[in-house]
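One structure below.
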Amino acid sequence: MPVRGKAEAVPSVSLRPETCIVCGGALEPEAGVAARCRRCGLLHNLGTHALDYRDGGGQAAPDAGKMHWRLVNARRRFALIAPFLRPSHRTFVDIGCGSGEMLIAARAYGLAPVGFDTNRPLIAWLRTRIDEPVFDTPFDALLIPDREQDAGAGRVFSLAHVIEHLDAPLELVSRVRAAMRPGDLLFIEVPLATGRSFRTLGYRWNMWNPEHVALYTLPALDALAERVGLRVLSRGTRIFARGSHSGSTRLALLGRQPVAALRAALARDHLSIADRLIADYGFVVLA
Ligand SMILES: [Zn+2]
């Protein structure tokens with residue numbers, strides 16, 4: 001199957017998988033527009049069409065307000081990776097780096113950032129803003145600069161909101177896996193079919209769109225890790241930082257689900273009540 005998406009845009013035809021594109025499980029048709037994996041729950045979108053991001057696609061350069069929240073969001077993602085960072089980690093490789101907020105956030109951890117994104121106008125814009133290596137090509141491990149001559153230097157890879165664009169996610173994740181050395185990390189974040197937005201809005205949710213080949217589940221992320229031979233160090237749910245910080249959302253959740261909200265508030269980590277209870281995105285940290 002051809003590969004397409006934010007990081008790997010190649011024209012493709014509508015998705016008609018015979019088995020789950022992540023775990024190989026049997027599929028069950030749903031609502032005439034989707035097919036759900038009986039084993040891992042991955043929800044395949046049968047109405048996808050190729051979107052070529054090379055000339056921009058839907059991903060335009062953000063204004064200052066958008067960029068502010070994207071940076072806050074990137075910092076919150078790094079807080080999820082941070083417990084697993086070691087002094088030997090020197091490089092951060094963001095595949096599908098978009099407007100570059102993860103690259104900027106990486107610097108606070110002493111990581112030298114490298115970005116890949118096939119969206120050429122966005123990479124051209126990014127190059128005017130940051131002085132770091134960013135490539136307007138699909139991921140290629142050979143392009144990662146070996147700034148640290150120390151063979152023990154580790155790398156952290158990220159695929160945030162990339163693999164839901166791919167009809168062969170295992171192909172890209174396997175290539176990243178092949179580039180990983182012992183001790184390297186891989187962070188993956190995806191929209192979920194199990195979050196509150198999909199449960200309430202269903203196929204009207206804006207994450208259900210022709211660019212998204214699938215909505216994931218946490219078991220699907222586990223299956224993906226297993227198929228490429230990586231260990232799950234951490235997994236969880238979250239939402240975009242703006243909603244995650246919202247006081248009115250927090251109050252609404254406390255009113256609607258007081259016990260679950262209080263339990264979420266007591267958890268000692270970087271996830272908010274909204275991250276846990278709305279749970280529209282799923283993430284894993286793999287090694
Ligand atoms: Zn599956």
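Start at 1 and go down the list; that is how both ligands and their atoms are numbered. Nothing fancy with the numbering, it's 1 onward along the sequence.
- Going from atom CG of Leu42 over to atom CD of Glu164 covers 11.0 Å, rounded to the nearest 0.5 Å.
- Around the Zn ion (ligand 1), the protein contributes the following N, O or S atoms under 2.8 Å, ordered by chain and number: Cys20 SG, Cys23 SG, Cys37 SG, Cys40 SG.
- The stretch residues 91-116 participates, sequence neighbours left out, in these salt bridge (charged side-chain N to carboxylate O under 4.0 Å, His left out) pairs: Arg107-Glu132.
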Please set out all donor-acceptor pairs under 3.5 angstrom arising from side-chain atoms of residues 274-287, sequence neighbours excluded.
unit_1	atom_1	unit_2	atom_2	d
Asp275	OD1	Ile239	N	2.9
Asp275	OD1	Ser244	OG	3.3
Asp275	OD2	Arg76	NH2	3.2
Asp275	OD2	Ser244	OG	3.3
Asp275	OD2	Ser272	N	2.8
Asp275	OD2	Ser272	OG	3.2
Arg276	NH2	Asp269	OD1	2.8
Arg276	NH2	Asp269	OD2	2.5
Asp280	OD1	Arg196	N	3.2
Asp280	OD1	Ser197	N	2.9
Asp280	OD1	Ser197	OG	3.3
Asp280	OD2	Ser197	OG	2.5

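- In summary, of the residues considered (Tyr109, Phe84, Phe187), a ring-ring contact (aromatic ring centres under 6.0 Å, His included) with Phe78 occurs for Tyr109 alone.
- Atom CG of Asp63 has more than 12 heavy atoms from other residues, nucleotides or ligands within 6.0 Å.
- For residues 21-38, the pairs satisfying side chain to side chain donor-acceptor pair (under 3.5 Å) are Glu28-Arg38, Glu30-Arg36, Glu30-Tyr203, with sequence neighbours left out.
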